[in-house]
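Notes to accompany the following structure.
The figures here come from the full heavy-atom set of this structure, side chains too, leaving out hydrogens, waters and symmetry mates.
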Amino acid sequence: MVEFKGTFYKPSSVLYKEPTPIDPSRFADPVALMTEWEPGTDGASFRTHKLVRVNPNKMAFKMTGQLIALFSILPLSGVFLLFYVFSGNMSLLPLGLGIVFVLFGVYLLLYQTDPIIFDKSIGLFIKGRKKSDKAPDPDNPKNIVDLDSVHALQLLSKYVSGKKPYYSHELNLVLKNGKRMRVISHADKEKFMADVRLLSEFLGKPVWDATE
């Protein structure tokens, strides 16, 4: 059984509580007992990805407009700085900042637009830009997973503190050997659960829901 602290929080008169202990035996599956049940890194306080059907054999998580807008702030700021410099206000500081903002902002956008794909036609889950010499490693799953090795979909929640606390909901692929591969995490539970149901039907895999 995984232990969590039962601490209560009361920001802005709203009561929050850490997740209750998770007993993997309730899923009546020996693989669940081999699997880690600690949530990973914090997810965003808004919906970052939505599941779309690309074709009958492929589904993908795409960035939402909110996430695109967030990661567009930096490069757009850089463009405005460069426009300011080249409209007759030449100065090394805004010039340098403008170039850095544009380059780093474009890098972040490209990183966030890395594909998150479930492709039955090639039998792979791919997160990121797959290299031609890469192959799935079930003992150390990172960015590529053989769909045949997926055993279940694991759902976890994590309390994220701050000025506006929230719960982040995390989707992991659980392999037949108990290893996990993180897919997405964000705070919009209603849309999160809807996407998980569609993905479960598409893959034909059970859902281990520990978000309660």
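A donor atom on one side chain and an acceptor atom on the other are not found under 3.5 Å apart for Asn177 and His151. Between the side chains of His186 and Thr48, no donor N or O sits under 3.5 Å from an acceptor N or O. Side-chain contact of Thr211 with Lys189: a donor-acceptor pair under 3.5 Å is present, judged by distance alone.
Between the CG atom of Leu173 and the CG atom of Leu175 there is a distance of 7.0 Å, given to the nearest 0.5 Å. Rounded to the nearest 0.5 angstrom, Ser185 OG and Leu156 CG are separated by 10.5 Å. Remark: Leu153 CG to Arg197 CZ distance equals 12.5 Å, nearest 0.5 Å. Here the CG-NZ distance, from Leu199 to Lys205, works out to 11.0 Å after rounding to the nearest 0.5 Å. Separating the CE atom in Met63 from the NE2 atom in His49 is a distance of 6.5 Å, to the nearest 0.5 Å. Atom OG of Ser45 and atom NZ of Lys163 lie 13.5 Å apart (nearest 0.5 Å).
Annotation: side chain of Tyr166 is not in contact with side chain of Phe46 (no heavy-atom distance under 4.5 Å). Ile126 has its side chain within reach of Ile122: a pair of non-hydrogen atoms, C-beta onward, lies under 4.5 Å apart. Contact of the Val183 side chain with the Asn172 side chain is not registered, since no non-hydrogen atoms from C-beta on lie closer than 4.5 Å. Contact check for Phe61 versus Phe118: side-chain heavy atoms found under the 4.5 Å cut-off. Within the 4.5 Å cutoff, side-chain heavy atoms of Val207 are placed close to those of Leu155. Residues Met193 and His169 have side chains not in contact (no heavy-atom distance under 4.5 Å, counting atoms from C-beta outward). You'll find the side chain of Ile184 reaches within 4.5 Å of the side chain of Phe192, heavy atoms only. Side-chain atoms of Asp119 and Leu124, non-hydrogen and from C-beta on, never get closer than 4.5 Å to each other.
Annotation: cation-pi geometry satisfied between Lys120 and Phe202 (NZ/CZ under 6.0 angstrom from ring centroid, within 45° of ring axis).
Cluster membership for Ile22 and Val31, using ILVMFWY side-chain heavy atoms within less than 4.5 angstrom, is shared. Hydrophobic clustering, with ILVMFWY side chains joined whenever heavy atoms are under 4.5 angstrom apart, groups Leu203 together with Val196. The hydrophobic clustering, which links ILVMFWY residues whose side-chain heavy atoms are closer than 4.5 Å, places Met181 and Leu147 together.
Sparse packing is recorded around NZ of Lys191, with 12 or fewer heavy atoms of other residues, nucleotides or ligands lying under 6.0 Å away.
Using a cut-off of 4.0 Å between Lys/Arg side-chain N and Asp/Glu carboxylate O, Glu170 and Lys158 are scored as not salt-bridged. Checked for salt-bridge contact, Asp188 and Lys50 miss the test: no charged N lies under 4.0 Å from a carboxylate O.
A distance-only check finds a donor-acceptor pair linking the side chain of Lys176 to the backbone of Asp148 [under 3.5 Å]. Looking at Trp37, its side chain does come within 3.5 Å of a backbone N or O of Ala32 through a donor-acceptor pair. Of the possible donor and acceptor atoms, one in the side chain of Gln154 sits under 3.5 Å from a partner among the backbone N and O of Glu36. The backbone N or O of Val145 sits nowhere less than 3.5 Å from a side-chain atom of Ser149 that would complete a donor-acceptor pair.
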Do Trp208 and Val174 pass the side-chain contact (heavy atoms from CB on, under 4.5 Å) test, and can you show the C-alpha distance, the side-chain angles, and the key distance before you say yes or no? CA-CA 10 Å; Trp208 293 345; Val174 177; 3.9 Å; yes

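Val52 approaches Lys62 most closely through the heavy-atom pair CG2-CG, 3.4 Å.
Between Tyr167 and Tyr159, the angle of the ring planes goes over 60°, which puts this pair in the perpendicular group of the 30/60° scheme.
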